[in-house]
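These notes concern the structure reproduced below.
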2 protein chains.
Amino acid sequence: MDLTPQEINAMLPFVLKRENVGRYEDGAVVFCDRRQYPFEKRFMRCEDVESVAVAIETMVTQGGGPWVIAVYALALRARQVASESSDQIRQQLEQTAQRLMATRPTNTFIHRSLKNALAAAETALAAGEDPEQAILDWMEPTRDEIYLRSAKMGRYGADLIEDGDGVLTMCFAETAFLLGLAFAHQDGKQIHVYTPETRPYLQGAKLTAPSVHELGIPVTLITDNMPTYVVSQGKVQKYFTAADLVTLDGHVVNKIGTFQNALACHYHHVPYFAYAWAPDPNKPDRASIEVEERDPNEIREAKGVPTTISGIDAYYPAFDITPPHVVSGVITKYGILSAYDLKRYFGKEKPLG
Amino acid sequence: MDLTPQEINAMLPFVLKRENVGRYEDGAVVFCDRRQYPFEKRFMRCEDVESVAVAIETMVTQGGGPWVIAVYALALRARQVASESSDQIRQQLEQTAQRLMATRPTNTFIHRSLKNALAAAETALAAGEDPEQAILDWMEPTRDEIYLRSAKMGRYGADLIEDGDGVLTMCFAETAFLLGLAFAHQDGKQIHVYTPETRPYLQGAKLTAPSVHELGIPVTLITDNMPTYVVSQGKVQKYFTAADLVTLDGHVVNKIGTFQNALACHYHHVPYFAYAWAPDPNKPDRASIEVEERDPNEIREAKGVPTTISGIDAYYPAFDITPPHVVSGVITKYGILSAYDLKRYFGKEKPLG
C-alpha cells in the first residue's frame, strides 16, 4: 500500500478528515463540533486553553479528537506567552499540559502526546527557538504518521473481512476501522455493518452510522440491548472496535458495552478484533486500570430530555474492560496480534504520539 | 402467606395497582398512561375498541396492562352491541377479539385471556344471559387469582434474595418481581437494584426505577450497554426478569436485552431467574417463536428527539430468546423450576387467564 496521507484523508468520511478533526489557525484551535454532527456540520473555534479543555470535557469532540486539539491548545498557549521569559513559558506550558491531561484521565493518548509536544517545546526553548513552531513541527509529521499507520492497520482489518460478512462495532471506532471498511468495500466485498447507538452519548447513532453510510456501505442502527440477539441470528461474522487503552497483558479498555458485545460474540463463536495503537507501557494489567466515571445526570436523560424522575440514582462508568481470552486479535501496525503477545512487540518500543 | 388481593394491591407501587393497570367503568376502559409516567400520573379513558387497540399498539400500556384492557374492551363491545341478535353479537365479539389479538402477536396472555373471555360471553349468550356481565364475572376473580399467584411467585423470588444482594433486572418485570423485592425488603434484607433503561421505550427508566424507588428500595439506573460491566464488578448477585413467553422446552422470550444480560450473568456465575406465569402450551421450542419486530423509526429517536439522520437504516426486534441452559430457574406457582422441567408441571394444566 502506497497511499499518501492526503490520499488516505480523501477516503475518510467527513468527521474523520484531518482538517475537521482539528486544525491550528494562527492563535486558534478549530474542530468539528461532534455534538451537532450529523445534524449540522458546525465548527468550534477556541482562542484560549480553557475553552479547549472544556470542549474535551463536554465531549464536543471525542475519540481521536481530544489529543489533537489538546496539542494545538499547547501551541496556542506557547504563542500567548511568547514574550515572557523561558522559565515563565516553561511553567505556563507545564500548567497548560496538566490542565489538558486532567480532562480525560483514561485517555493515554492525550497524556503521551502532550508530554511529547512539551518535550519538543522544551528543546526549542533550550535552543532559543520558538516553542509554538516546535510543537507544530512535531505535530504535523506525527499526524501524517498516524494516518499512514491507521491505513496499515485498516488494511489488516480489511483482509479479515470476507465477502458477505456482517460486521458489528461499538461506539465510534475511528480512522483505522473506517479505513478497514473502506478498503474491504473497495476490494468489492459486500459487507453490512451493525452499529449499536452507544448510550448515553450516542456515538454509534451520531458518528458511526452516518460515517459508514457516507462510505456507501450498508449500515443498520440498533440499540445497545440488541447486539447479542443480532449476533444470535447469524447476522454478524466479525466484531471490530477501537480501544481507548490496552494493557500490556491484553485487556482492552473501550467504551462501555464493548465487553458485553465481546461476550456475545465469544458465546456465538464470532471473532472480536480491537484496533489498538499500542499497549500502554504504564498499564501492566487489569488492576492498573482506572475506569473513568462520568456525570450520572447523563444517564437520566437522552439528548437532553429526561428519561426518569430526578430522585433516581444513576451510575455512569464510561468504559469497560474486555479480558484477553475473548479477544481474537489486536490489530496493530505489526499485524493481528494475540492479546497475549503484545509485550513482545511493543515492550521496548518508544511509543508514537 | 395469607395476604388478600386487597392487601397485595396495597403493597404495590402506583403503576401496578389494580385500578391503575386498568378498570372498567360502565361503557369505558380506563388505565394509567404509562408513556407519561413517571412524569405525570395521567389516565386514558377509551369508549371504543379501536382506541383500546391503538393504545396497546402505541404502548400507552405494556407488560401486564394490555390483556386487562383488551378484555375490558371486549366487555365494552358486548355492551355496545347488546341490542343486536345473538348471532350478530357473537360475530361482533369474534371480530373485536381478532382486532385486539392482532395488536401484539408475541403476547400469549392477550390471546388466551380474550379466548377465555369470549368463551364466557358465548356461554352467557347460549343461556340467554348478558355477555358483558359474563366477561366481567370471569375477569374479576381471574384478576384476584393473578394477584394471589403473583404474590406466591414473589415469595419464592424473595426467598432467593440474600441480605446484601445486588439485583439486576431488565425492562419492567411487573407484579411478581416487585412483590418479590417488597417481601425481601419487608423481611429486613438490604438489597440494591440495578435497572437498565431498556431502549427504545425506556421501561427501566420510566417504570422500574420509580416503582422500586417507591417501595423504599435503593435503585440505580444504568444504560443498556452497562449490565455486563456492573456484573463484572461484583455488584450483582441475582438477575430477575419477567417473561413475555416461555416455550415448553424452557426458552425465555422477553424484552430485547434480557438474553445479553443473562449471558453476562452466566459468564460471571450469577444466577438468572425468570418469573413466568406458565409456559405457552402452543410453543414447544425455539423454532415456534415469532419475534415481534416494531417500527425502526423508534430506534432513530429517543423520547421523540432524533438520534441520527433519517437516511440511516434501523432494526427493532422487540424481544430476544434466552436458551434454557443459561436460565437458573423459572419462578412459577409451583416454585423455582428448572427450565427443562416445565412440561411435567404445566403439560396437562388448563392455563389460567
Side-chain angles (χ1 to χ4, degrees), chain A residues 38-39 170 194-200 202 204-206 209-210 213 218-230 232-233 235 255-264 266-267 291 296 299-309 311-317 319-321 323 326, chain B residues 38-39 170 194-200 202 204-206 209-210 213 218-233 235 255-264 266-267 291 296 299-309 311-317 319-321 326:
Chain A
F39 308 105
M170 188 67 189
Y194 291 88
T195 175
E197 61 179 5
T198 316
R199 282 274 291 144
L202 299 164
K206 296 198 298 185
H213 187 65
V219 57
T220 296
L221 180 67
I222 55 177
T223 53
D224 300 324
N225 42 356
M226 295 179 187
T228 305
Y229 180 62
V230 170
S232 79
Q233 289 177 296
K235 293 180 194 284
K255 180 59 53 187
I256 189 84
T258 300
F259 174 35
Q260 66 188 33
N261 299 344
L263 277 191
H266 185 68
Y267 177 86
V291 169
I299 304 302
R300 281 185 288 258
E301 58 172 53
K303 298 269 297 173
V305 183
T307 58
T308 194
I309 46 179
I312 301 298
D313 180 46
Y315 175 48
Y316 182 4
F319 301 94
D320 61 22
I321 305 167
V326 297
Chain B
F39 308 103
M170 188 67 190
Y194 291 89
T195 175
E197 61 179 3
T198 316
R199 281 273 291 143
L202 299 164
K206 297 198 297 186
H213 187 65
V219 57
T220 296
L221 180 66
I222 54 176
T223 51
D224 300 324
N225 42 356
M226 294 178 187
T228 304
Y229 180 64
V230 171
V231 172
S232 79
Q233 290 178 294
K235 292 180 193 282
K255 181 59 54 187
I256 189 84
T258 300
F259 174 36
Q260 67 187 33
N261 299 343
L263 277 191
H266 185 68
Y267 177 86
V291 170
I299 303 302
R300 281 186 288 259
E301 59 172 53
K303 299 269 297 174
V305 183
T307 58
T308 194
I309 45 179
I312 301 297
D313 179 48
Y315 176 49
Y316 182 3
F319 301 95
D320 61 24
I321 305 167
V326 297

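The sequence lines fix the lettering, A, B, ..., with proteins before strands; numbering per chain opens at 1.
Looking at B:Y315, the atoms closer than 4.5 Å to chain A (heavy atoms on both sides) sit in the backbone and in the side chain alike. A:P218 does not touch chain B: none of its heavy atoms, backbone or side chain, sits under 4.5 Å away. Both the backbone and the side chain of B:P227 come within contact range of chain A, each with at least one heavy atom under 4.5 Å from a heavy atom of that chain. Only the side chain of B:Q233 comes within contact range of chain A, with heavy atoms under 4.5 Å apart. Interface remark: A:P306 contributes backbone and side-chain atoms alike to the contact with chain B (heavy atom separation under 4.5 Å). In this structure, the portion of B:V230 lying under 4.5 Å from any heavy atom of chain A is its side chain and not its backbone.
Of the residues considered (B:D320, B:L263, B:V305), B:L263 shows the highest number of contacts with chain A, using heavy-atom pairs under 4.5 Å. Counting heavy-atom pairs closer than 4.5 Å to chain B, the top residue among A:A209, A:A302, A:P200 is A:A209. Your options are A:M226, A:K303, A:H266, A:K206, and the one with the most heavy-atom pairs under 4.5 Å with chain B is A:M226. In terms of heavy-atom pairs under 4.5 Å with chain B, the best-connected choice from A:T220, A:T258, A:I222 is A:T220. Counting heavy-atom pairs closer than 4.5 Å to chain A, the top residue among B:P210, B:P196, B:A264, B:G204 is B:P210. Contact count versus chain B (heavy atoms, under 4.5 Å) is highest, among A:T195, A:L202, A:V219, for A:V219.
Side chains of B:R300 and A:L221 form a contact here, defined as non-hydrogen atoms less than 4.5 Å apart. Side-chain contact check for A:I312 versus B:H213: some heavy-atom pair is nearer than 4.5 Å.
Here CZ of B:R199 is found 6.5 Å from OG1 of A:T223. Values are rounded to the nearest 0.5 Å.
Considering every non-hydrogen atom in both A:A205 and B:T307, the closest pair reads CB-O, 3.4 Å. A:F259 approaches B:Y267 most closely through the heavy-atom pair CZ-CE2, 4.0 Å.
Side-chain atoms of B:E197 never come within 3.5 Å of backbone atoms of A:T308 as a donor-acceptor pair (strictly under, hydrogens ignored). Under a 3.5 Å cut-off, the side chain of A:N225 and the backbone N or O of B:I256 do form a donor-acceptor pair.
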